[in-house]
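Computed from a predicted model, the values in this text were never measured in an experiment.
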Amino acid sequence: MTDLHSVYLEYLVALTLKRCGIKPHSKQIATHIENIIKERHFDTPAKAAEFESNSWTIVETFTLVDQHKIDPIVKGVLTIAEIQNLLECSDQGEILITVNRQCKAPYSQSWTLGLRPNINLFSSNTFIIDLKLQLELESIDSEIVIKKIEHEDFNIGLFLEKMEMYKLFHSKS
């Protein structure tokens with residue numbers, strides 16, 4: 001049962017990232033984050049060279065959703081459906097993303113964020129999975145890679161049952 005649990009959890013994460021626009025628009029989001037980091041930390045070429053020569057890492061936290069409002073980081077990038085899905089996956093109207101940006105080429109970004117998808121599609125009772133994700137981009141032009149998935153404890157049998165319907169529903173769309 002554990003193998004199926006892991007497969008369904010990875011499927012849920014991949015689908016959630018896609019439905020919320022994070023995966024399809026990761027390059028645009030990473031570029032926006034990169035521009036903000038450069039503006040804040042690399043005000044001169046000497047400063048950029050100092051960061052790179054010392055192999056420093058910059059850690060910044062950005063708000064993707066704040067009080068049920070989409071941040072400009074993603075507002076101009078996501079479709080209306082992706083925005084709606086992102087809002088639905090927020091924790092009481094908030095999603096923060098912590099970015100670790102390496103200062104050595106190729107200037108990779110590591111993202112840590114929480115998403116809360118509801119996998120109970122056909123009932124007013126929710127079955128929300130509280131996910132904490134660590135994502136990696138080797139460079140701002142690379143594809144996003146899921147590095148780590150954490151979640152709270154939940155009823156695995158019920159999760160598998162709900163995920164079966166969730167998977168069937170989303171495989172048709």
Side-chain angles (χ1 to χ4, degrees), residues 2 4-37 40 57-101 108-137 140 143-167 169-170 173:
T2 306
L4 186 56
H5 165 260
S6 295
V7 168
Y8 274 167
L9 193 59
E10 288 176 20
Y11 173 78
L12 175 63
V13 168
L15 184 61
T16 301
L17 290 173
K18 179 182 176 192
R19 293 184 69 239
C20 291
I22 294 169
K23 183 161 177 76
H25 304 293
S26 61
K27 292 175 187 176
Q28 294 97 320
I29 296 168
T31 300
H32 187 78
I33 289 169
E34 180 73 8
N35 291 338
I36 291 173
I37 287 173
R40 290 181 184 168
T57 300
I58 296 172
V59 179
E60 292 267 346
T61 299
F62 299 91
T63 306
L64 296 181
V65 178
D66 184 23
Q67 298 178 2
H68 303 284
K69 294 179 185 148
I70 296 294
D71 191 87
I73 290 174
V74 293
K75 195 174 211 170
V77 173
L78 303 182
T79 66
I80 292 172
E82 291 166 340
I83 288 171
Q84 182 63 35
N85 292 330
L86 190 62
L87 289 170
E88 288 174 5
C89 287
S90 70
D91 183 8
Q92 298 179 14
E94 181 176 87
I95 297 177
L96 300 176
I97 180 171
T98 300
V99 178
N100 287 312
R101 195 275 202 176
S108 64
Q109 292 183 14
S110 239
W111 298 353
T112 304
L113 72 152
L115 296 173
R116 303 182 76 226
N118 175 16
I119 62 170
N120 197 5
L121 297 172
F122 307 109
S123 170
S124 60
N125 297 330
T126 59
F127 191 91
I128 294 174
I129 306 294
D130 202 354
L131 301 170
K132 184 175 179 185
L133 308 175
Q134 186 174 9
L135 310 171
E136 182 81 30
L137 288 96
I140 59 173
E143 291 295 318
I144 199 164
V145 176
I146 301 165
K147 289 301 222 182
K148 188 174 183 183
I149 303 169
E150 295 178 17
H151 60 82
E152 84 287 358
D153 290 333
F154 50 77
N155 180 326
I156 292 176
L158 187 57
F159 170 72
L160 296 175
E161 176 187 320
K162 299 291 182 192
M163 277 304 295
E164 190 60 38
M165 286 190 292
Y166 191 80
K167 180 186 72 143
F169 177 79
H170 284 292
S173 58

Apply side-chain contact (heavy atoms from CB on, under 4.5 Å) to the pair Leu135 and Ile146, showing each step before the final yes or no.
CA-CA 5 Å; Leu135 310 171; Ile146 301 165; 3.9 Å; yes

Min side-chain heavy-atom separation Arg19-Pro117 under 4.5 Å:
no

More than 12 heavy atoms of other residues, nucleotides or ligands under 6.0 Å from CD of Gln92: yes or no?
no

Compare every heavy atom of Thr63 with every heavy atom of Asp71, then report the nearest pair and how far apart it is.
CB-O, 2.7 Å

Between Ala30 and Gln109, which heavy-atom pair has the shortest distance, and what is it?
O-NE2, 3.0 Å

Check: Asp130 main-chain N/O paired with Glu152 side-chain donor or acceptor under 3.5 Å:
yes

Tested for side-chain contact (heavy atoms from CB on, under 4.5 Å) against Trp111, the lone hit among Leu133, Thr98, Asn100, Ile33 is Ile33

Side chain Glu34, main chain Ile140, donor-acceptor under 3.5 Å:
no

Should the ring pair Phe154 and Phe159 be called parallel, tilted or perpendicular, given that the plane angle runs from 0 to 90° and is split at 30 and 60?
tilted

Point-to-point distance, once rounded to the nearest 0.5 Å, from CD1 of Ile36 to CZ of Phe62:
5.0 Å

Under 3.5 Å, is there a donor on one side chain and an acceptor on the other for Gln134 and Thr112?
no

side-chain contact (heavy atoms from CB on, under 4.5 Å), that's the test. Do Lys27 and Glu143 meet it? Break it down for me.
CA-CA 8 Å; Lys27 292 175 187 176; Glu143 291 295 318; 3.5 Å; yes

Using 0.5 Å steps for rounding, measure from the CG atom of Asn155 to the NZ atom of Lys162.
10.0 Å

Nearest heavy-atom approach of Asn120 to Asn125 is ND2-O, 2.5 Å

Give the intermediate values and the outcome of side-chain contact (heavy atoms from CB on, under 4.5 Å) for residues Val65 and Ile70.
CA-CA 5 Å; Val65 178; Ile70 296 294; 3.8 Å; yes

Can you tell me how far the CG atom of Leu86 sits from the CD1 atom of Ile95, to the nearest 0.5 Å?
4.0 Å

Testing Leu115, Leu78, Asn85 for side-chain contact (heavy atoms from CB on, under 4.5 Å) with Ile22, which one passes?
Leu115

CG-CD1 distance between Leu9 and Ile149, expressed to the nearest 0.5 angstrom:
5.0 Å

If I take atom CG from residue Leu17 and atom NE2 from residue His25, how far apart are they, to the nearest 0.5 angstrom?
12.5 Å

Using 4.0 Å as the upper bound for N to carboxylate O, is an ion pair formed by Arg116 and Glu88?
no

I need the Leu137 CG to Ile144 CD1 distance, nearest 0.5 Å.
5.0 Å

Looking at Leu160 and Tyr8, what are the two nearest heavy atoms and their distance?
CD2-CD1, 3.6 Å

Does the side-chain contact (heavy atoms from CB on, under 4.5 Å) test come out yes or no for Met163 and Leu12, once each step is laid out?
CA-CA 8 Å; Met163 277 304 295; Leu12 175 63; 3.9 Å; yes

Give a yes or no answer on whether the side chain of Asn118 reaches the backbone of Phe127 with a donor-acceptor pair at less than 3.5 Å.
yes

Looking only at heavy atoms, the pair that brings Cys20 and Cys89 closest together is SG-SG, 3.8 Å

